[in-house]
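Structure, as structure tokens:
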Amino acid sequence: MARNTSKAADSSPRRNGAPATRTTSKASPAGNSRKGSSPKAVEELAAHAHGTSTTASIETNPTIGDYLIRRLLDYGMKDIFGIPGDFVLQFYGDLENSPIRVIGCTREDNAGYAADGYARIHGIGGICVTYCVGGLSVCNSVAGAFAEKSPVVVITGSPGVEERRSNPLLHHRVREFSTQREVFEKITIASTVLDDALTACREIDRVLEACVRFKRPVYIELPRDMIKVRCPYQHVPQAGTIKSDKAALKEALGEAGAMLAKAERPIILAGVEMHRFGLADELIHFAEKFEIPISATLLGKSVISEKHPLFIGIYEGAMCRESVRKYVEQSDCIVMLGTFMTDIDMGIFTAELDTSKTIYATSETLKISHHHFHDILVADFVKGLSKLDVKIVKRPLPAKAKPTPKFVAVPETAVTSARLFARINELLDEKMVVVADVGDCLFGAADLTIYRDTEFLSPAYYTSMGFAIPAALGVQVARKDLRPIVLVGDGAFQMTCLELSTVLRHNFNPIVIVLNNKGYTTERFIQDGPFNDILNWNYHRLPDLLGGGWGFEVRTEGELDQSLHAALSNQETFCLLNVHLDPLDVSPALKRLGERLSKHV
Ligand SMILES: Cc1ncc(C[n+]2csc(CCOP(=O)(O)OP(=O)(O)O)c2C)c(N)n1
Ligand SMILES: [Mg+2]
């Protein structure tokens, strides 16, 4: 085992990311800025983010920039990621004078992943970037946040309204001045250009509310000459609250109750929306009250603790454990709550779930058997389920997977993917979050046992490589006390590894495990060729370049054990393991997936 160590260096010239030490003349509205440390808390803040309670402290005619910051604070946003540029510098100045901490990143797309990771842990995240060169760089990460429902606020500067009048060729301009916004309209749930002081406050309210309500990214463009413009009138945030249609809710719950009462083999299949909408506790309450077993999808992994006695394992069609597949598919009442029916989550559509036997509730759809219901909030439906007055059969749980024998390193044996995951499974504890990138690390990670809710993050639907390292940064900005275990392939690592620079700068301590199988192994399984080869870097020597962090080169089980022991004992800085794997050695789940995919291309 070769180890590279150097002292963690904080290169931050001024502060170490502690907003509490900041002196600011503006108190945070109603003290809300320190609340909201989970999606559930943000839901609660959102419920109170309108009307007088939080806005009493907003001055009569705030500038547009100040109003935006106040509203971000109302929603509990304590940190924002990005890179400044001249079109957004003034707003960066405003942020600097506010309680919001700015986390500078190495690239805008990374800032987007970081904000996404932060939002998944915290309930809302944000990025602040300059016009087009910054904004357009962040499109892919924002698209991923849209696809996987992560509430990220994109704030971008742009040329001033006055500057645009003679249609000049200003730097960063692509085509029309509106081009960037037009692009973002496709990948956000609401967007606005704050080019009119009369409507700016209302627009900010509308767009932020949409972000929290739909859990999807939104776009706010600030022309640079509008940032200091004052709202011409006193504005009190208003928001219409959406309510479920009571009669429809009653009927849907009645139908769900009847189906559950008749069922002999009920099961809950939990999806990621339960976490996004802060409904994990309600879900567990429902399951516990009626003792209904729970499975989860890969994207929804860790919606509930996998140590929960009712949890039976991850369901992924033909990709999951046979006993789980059978148990779910043989059910005569599958309660799918917040589940996305994606190809990966459905085991590349190998899932055999009978629609006539499902109760399917998400924020967008409520379907019971073949009946569609409208105007019902998923939260009301899930809460209503646990209030049902029905008797539900107690279904015996499937046989547990055989407990894996304790990992005993065979020192000189080369590490394999299966043994690596067995070892990682043993080190997980309550203070860790697994952040998995795309590739075999994602499939292998499905079998890890996650102890607490929100402990597993991955782009398991949009599957954009490069997510994990910046997302782990976002996790620790939100919760420094959680230690990320980052699982990343060598290909994905090469895309975004330099965000470890920001990790180092803030003294965060993820353990980054690079599955170095010398290329794009997932793709080799579909179709191999030289295009799947990549340069074999000395990944473990990245700390030399950055000036901090610990690096380990791992070839054998003995080296794996030693380096993980060292990494666990070092709480001070990030640790990076370059784990050499055979290019064709993959997890059993990937083997099954590769075979299935090759039949479909
Ligand atoms: C941004 C992006 N580009 C390309 C792909 C297509 N793709 C899917 S998996 C994969 C290979 C991943 O390689 P690596 O990170 O080394 O993981 P491995 O498959 O080797 O486990 C590629 C290129 C993708 N998912 N995302
Ligand atoms: Mg690889």
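Whatever order the structure lists ligands and atoms in, that order sets their numbers, starting from 1. Since the structure is predicted, the reported quantities are computational estimates derived from the model, not experimental observations.
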task: Find all atoms of ligand 1 within a distance of less than 4.0 Å from any non-hydrogen atom belonging to Gly491, and give their numbers and elements.
output: 14 (P), 15 (O), 16 (O)

4.0 Å heavy-atom contact, Gly466 with ligand 1: no

Between His506 and Phe574, ring centroids under 6.0 Å: no

- prompt: Using 4.0 Å as the upper bound for N to carboxylate O, is an ion pair formed by Arg555 and Glu559?
  reply: no

message: Quick check on Gly519 - does any of its heavy atoms sit under 4.0 Å from an atom of ligand 1?
response: yes

field: Numbered atoms and elements of ligand 1 in range of Gly489, under 4.0 angstrom, heavy atoms
entry: 14 (P), 15 (O), 16 (O), 17 (O)

message: Can you see whether Tyr520 has Arg524 sitting over its ring - NZ or CZ less than 6.0 Å from the centre and within 45° of the normal?
response: no

message: Between Lys149 and Glu364 (salt bridge meaning N to carboxylate O under 4.0 Å), is one present in this structure?
response: yes

query: Are Arg173 and Tyr131 in a cation-pi setup, meaning NZ or CZ lies under 6.0 angstrom from the ring centre and within 45 degrees of the ring axis?
result: no

task: Rounded to the nearest 10 degrees, what's the angle OD1 of Asn517 makes with O of Gly519 at the Mg ion (ligand 2)? Could you check?
output: 100°

query: Going by the order shown, which atoms of ligand 1 are within less than 4.0 Å of some heavy atom of Thr463?
result: 24 (C), 25 (N), 26 (N)

message: So for Leu515, does at least one of its heavy atoms come nearer than 4.0 angstrom to any atom of ligand 1?
response: no

task: Check Asp490 and report its N/O/S atom nearest to the Mg ion (ligand 2), by atom name.
output: OD1

task: Would you mind listing which atoms of ligand 1 come within a distance below 4.0 Å of any non-hydrogen atom of Thr521?
output: 18 (P), 19 (O), 20 (O)

query: So with a 6.0 Å cut-off around OH of Tyr461, is the heavy-atom count from everything else above 12?
result: no

